[in-house]
Amino acid sequence: MMIDYTILGKKIKYYRKLKKLTQEQLAEELDLSLGFISQVERGVTKMSLDTLIDLCDSLGCSVGDILEHAQVGFKNKSTNDFLTLYEQLPQRDQTLFYHMLKAYVDHST
């Protein structure tokens, strides 16, 4: 099981905005840097479990609320390996590869 940190970050941003907090206010409340909060919300960086729990306490939500839909399961190792390689591509190439793969699948069926 893997975590989609982009989805996780979007959920954190949603709950932060729901509480009408800025990133700076949340960072100050948690004694974290503004840059760290920004990176977490963009899915660029990971955080410790302790930080996630503290963050949820500050946002008034549960860890389950944040993790909901962020967990991604894989059927086998080759799927995981494929995703790892795909994520190493620049965004432009990911988009191109996606459209090529979709066209292949559409043509094959």
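Values below: all heavy atoms of this structure, side chains included; hydrogens, waters and symmetry mates excluded.
When the side chain to side chain contact (heavy atoms under 4.5 Å, CB included) test is applied to T6, the partners found at least two apart in sequence or on another chain are D4, K10. In this structure, the side chain to side chain contact (heavy atoms under 4.5 Å, CB included) partners of D65, at least two apart in sequence or on a different chain, are Y15, C61, S62. Listed by chain and number, the residues in a side chain to side chain donor-acceptor pair (under 3.5 Å) with S108 amount to none (sequence neighbours excluded). Scanning for side chain to side chain donor-acceptor pair (under 3.5 Å) contacts around T22 gives Q25, with sequence neighbours left out. Partners of K11 by salt bridge (Lys or Arg N to Asp or Glu O under 4.0 Å), not counting sequence neighbours, listed by chain and number: E68. Every residue meeting the side chain to side chain contact (heavy atoms under 4.5 Å, CB included) condition with Y14, not counting sequence neighbours, appears here in chain and number order: L18. K20 meets the side chain to side chain contact (heavy atoms under 4.5 Å, CB included) test with no other residue; sequence neighbours excluded.
Listed by first then second residue, pairs satisfying salt bridge (Lys or Arg N to Asp or Glu O under 4.0 Å) with a partner in residues 89-102 read K102-D106, not counting sequence neighbours. Residue pairs meeting the salt bridge (Lys or Arg N to Asp or Glu O under 4.0 Å) criterion with at least one partner in residues 25-51, sequence neighbours excluded, are R16-E41.
The hydrophobic cluster containing M100, built from Ile/Leu/Val/Met/Phe/Trp/Tyr side-chain heavy atoms closer than 4.5 Å, also comprises L96. Counting Ile, Leu, Val, Met, Phe, Trp and Tyr side chains that sit under 4.5 Å apart, directly or through other members, V44 stands alone, with no cluster partners.
Not one N or O on the side chain of K13 forms a donor-acceptor pair closer than 3.5 Å with the backbone of S38.
By the neighbour-count criterion of 12 heavy atoms within 6.0 Å, atom CD of Q94 is densely surrounded, having more than that number from other residues, nucleotides or ligands.
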